[in-house]
There are 2 protein chains.
Amino acid sequence: MHPSPSTCQQCAQRFNSVFCKAREEHVEVINDKKVCNIYKKGQLLFHEGAHPFGVFCINDGKVKLSHQGDDGKEQIIRLLKAGDVLGYRALLSGDRYSASAVALEDTQVCFIPKDVFINVLQHDAGMAFEMMKVLSDELHRSEIKLTHLAQKPIRERLAETLLFIKETYGFEADGITLAVKLSREEIANLVGTATESTIRLLSEFKKDGMIELDGKKIQILKPKQLLATANLQD
Amino acid sequence: MHPSPSTCQQCAQRFNSVFCKAREEHVEVINDKKVCNIYKKGQLLFHEGAHPFGVFCINDGKVKLSHQGDDGKEQIIRLLKAGDVLGYRALLSGDRYSASAVALEDTQVCFIPKDVFINVLQHDAGMAFEMMKVLSDELHRSEIKLTHLAQKPIRERLAETLLFIKETYGFEADGITLAVKLSREEIANLVGTATESTIRLLSEFKKDGMIELDGKKIQILKPKQLLATANLQD
DNA sequence: ATTGAAAAATGACAAAGGTCATGTTTCAAA
DNA sequence: TTTGAAACATGACCTTTGTCATTTTTCAAT
């Protein structure tokens, strides 16, 4: 993990986040009030149903955001990385959290209190606009996923999910190994299917030579073939 | 359909929309630049893939917003009514439209040009905040639907969809007939299933006495039983 | 290195839901 | 009023996917 920055002004993620357009004075206020923290792998940032007291800004690491289905089954709705902010949805809607956030690896996070975040949003048009962009993009992603979930077979959705993981977290130094370790169950909860189906299809993908499996390490051998399998028209 | 208002200031939907917190001066600007129009049932407001030139504000009527799946199958992602704004997602993301909007009945719509809408958003913190709320609420709804799509059987999703239609459009004067006419195919495209499955399940619901069917007219006879069938924990 | 629990893998089977074929009804245009 | 296309309805069937049971592997704690 990278060293913690002393200030938001120097933060590596500053221009890579929703704060990229925030005015200097506002960044200073945020810097004064933020609280940084490290969450160990598997640790909970917040839990579905809890009241939000602010937003979290990932400085380094990886986080999953997931709903609890009515029967208790997890549905992963977002994967977050450095520069991403989370917890804003509930804050803006005035709701409680509708999802839980869990660190996928040791993760360094800054917490920005609710009133500070809201206040800056209301006085900084540039940042407010960036926030709307983030929300719009998330909404877009969610609606596309909804359509695919309704209309595409699991094989295509799994291929798409592997490519999505690649887009989000990229590769290890070797250029082919996905830079995140997810259990088969987590991948299934991302795809929206049963764990066994995911395992079976991953084996098939391996047999077809598209991927290589070594425990939780997944290598993408033939990205083009995987893309064809995902059958995306977007 | 209600008579067209002469101005945004007098519009019945003003305080029932994202403009509710907009400052008077901004409402005036919008009023000066808006263009009102009537779309006949079935008419297209905008098409997936087109470039957005502004946002649409529904004064009276009903509109469906839908994606085209990769195989050409429609997925209805939102149902809109008076007071709702549409077309903002693409505008804010700087994308082309990712969905098409079609009038479900004769609908009166005001068009607000892109630059006017963006300009007001950037100078009116109150309205910007309302816009973020709208986006957050939509995102929430979309993510819940995603989870249900991934985890719930069609029977439950259909019951939920009927209740959702009720929430959105309410009843006719009789208090039990859904105030919108949708084809079985449209209901299926809202639920995310095949038309035949929807038809079969609607027949079952009727046999169970939960609903009454008369062509496109759907009456909700036992809302509680329907709610139980939807099996919602939210 | 051992070991025990969790995760992964695999097979058998069942259930859900989609597809196709076909018949019936509706409804608007002639 | 007739009529023809589109929507609705229903049955038969089959594919996909989920569930359950069992075995194998992995991996971290001792």
Side-chain angles (χ1 to χ4, degrees), chain A residues 40-42 69-75 104-106 147-162 178 180-208 211-219 229 231, chain B residues 40-42 69-75 104-106 147-162 178 180-208 211-219 229 231:
Chain A
K40 290 298 215 178
K41 177 174 177 170
D70 291 345
D71 54 348
K73 193 180 176 196
E74 173 187 54
Q75 178 67 34
L104 289 170
E105 56 183 51
D106 292 1
T147 302
H148 290 178
L149 208 40
Q151 301 189 352
K152 286 171 160 255
I154 295 184
R155 186 183 177 80
E156 293 183 21
R157 283 175 14 228
L158 176 60
E160 189 179 350
T161 297
L162 292 175
L178 290 180
V180 67
K181 286 188 179 172
L182 296 170
S183 67
R184 301 290 190 267
E185 188 179 4
E186 284 173 317
I187 295 173
N189 294 344
L190 210 39
V191 173
T193 187
T195 306
E196 292 92 329
S197 299
T198 296
I199 290 171
R200 266 184 257 272
L201 282 168
L202 283 175
S203 300
E204 275 190 41
F205 286 3
K206 177 179 173 177
K207 194 153 44 182
D208 295 348
I211 64 174
E212 188 49 64
L213 296 170
D214 176 16
K216 292 200 179 23
K217 228 191 311 181
I218 299 179
Q219 301 186 322
T229 302
N231 190 28
Chain B
K40 291 298 216 178
K41 176 175 177 170
D70 291 346
D71 53 350
K73 192 179 177 196
E74 174 188 53
Q75 178 68 32
L104 289 171
E105 56 182 52
D106 292 1
T147 302
H148 290 178
L149 207 42
Q151 301 189 352
K152 286 172 160 253
I154 294 183
R155 186 182 177 80
E156 294 183 22
R157 300 206 321 262
L158 176 59
E160 189 179 349
T161 298
L162 293 176
L178 290 180
V180 67
K181 286 187 179 172
L182 295 170
S183 67
R184 301 290 189 266
E185 188 179 5
E186 284 174 317
I187 296 174
N189 294 345
L190 209 39
V191 174
T193 185
T195 306
E196 292 92 328
S197 299
T198 296
I199 290 171
R200 266 184 257 273
L201 282 168
L202 283 175
S203 299
E204 274 190 41
F205 285 3
K206 178 179 173 177
K207 194 153 45 182
D208 295 347
I211 64 173
E212 188 50 64
L213 296 170
D214 176 16
K216 291 197 178 26
K217 228 192 309 183
I218 299 179
Q219 302 186 321
T229 303
N231 189 27

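All figures in this text were calculated on a predicted structure; none of them were measured in a lab. Numbers restart at 1 for each chain; the letters A, B, ... are given by sequence-line order, proteins then strands.
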message: Under a 3.5 Å threshold, yes or no: a donor from one side chain and an acceptor from the other, between B/Asn189 and B/Glu74?
response: yes

statement: Contact span of DNA chain D against chain B, any nucleotide atom under 4.0 Å from a heavy atom, 5' to 3', runs D/dA7 to D/dA12

Tell me the interatomic distance from [X], atom [atom1], to [N], atom [atom2], rounded to whole angstroms.
X: B/Leu202; N: C/dG17; atom1: CG; atom2: P; result: 14 Å
X: B/Lys217; N: C/dT26; atom1: NZ; atom2: P; result: 13 Å
X: A/Leu213; N: C/dA7; atom1: CG; atom2: P; result: 17 Å
X: B/Lys216; N: C/dT26; atom1: NZ; atom2: P; result: 11 Å
X: B/Arg200; N: C/dA15; atom1: CZ; atom2: P; result: 18 Å
X: B/Lys40; N: C/dA28; atom1: NZ; atom2: C1'; result: 16 Å
X: A/Lys152; N: C/dG18; atom1: NZ; atom2: C1'; result: 17 Å
X: A/Leu201; N: C/dG11; atom1: CG; atom2: P; result: 14 Å

5' priority, DNA chain D, between B/Ser183 and A/Pro153 [closest heavy atom]: B/Ser183

- prompt: Between A/Asp214 and A/Arg155, which has a closest nucleotide on DNA chain D that is more 5'?
  reply: A/Arg155

- prompt: What pair of heavy atoms forms the shortest contact from B/Asp71 to A/Gln151, and how long is it?
  reply: OD1-OE1, 3.4 Å

- prompt: Do you know which two heavy atoms are closest between A/Gly192 and B/Ala150, and how far apart they sit?
  reply: CA-CB, 4.0 Å

message: Please check: side-chain N/O of B/Lys181 versus main-chain N/O of B/Gly215, any donor-acceptor pairing under 3.5 Å?
response: no

query: B/Glu156 side chain to B/Thr229 main-chain N or O, any donor-acceptor pair under 3.5 Å?
result: no

- request: Start with the C-alpha distance between B/Asp106 and B/Lys41, add both sets of side-chain angles, then the distance that settles salt bridge (Lys or Arg N to Asp or Glu O under 4.0 Å), and finish with yes or no.
  value: CA-CA 5 Å; B/Asp106 292 1; B/Lys41 176 175 177 170; over 6 Å; no

Gap between atom CZ of B/Arg184 and atom CG of B/Leu201 - 0.5 Å precision: 12.0 Å

- line: Residues of residues 187-199 of chain A with a heavy atom under 4.0 Å from any atom of DNA chain D, listed by number, are A/Thr193, A/Ala194, A/Glu196, A/Ser197

message: Is there a side-chain contact between B/Asp70 and A/His148 in this structure, where contact means two heavy atoms from C-beta onward sitting under 4.5 Å apart?
response: yes

- prompt: Charged N to carboxylate O under 4.0 angstrom, B/Asp208 versus B/Arg155?
  reply: yes

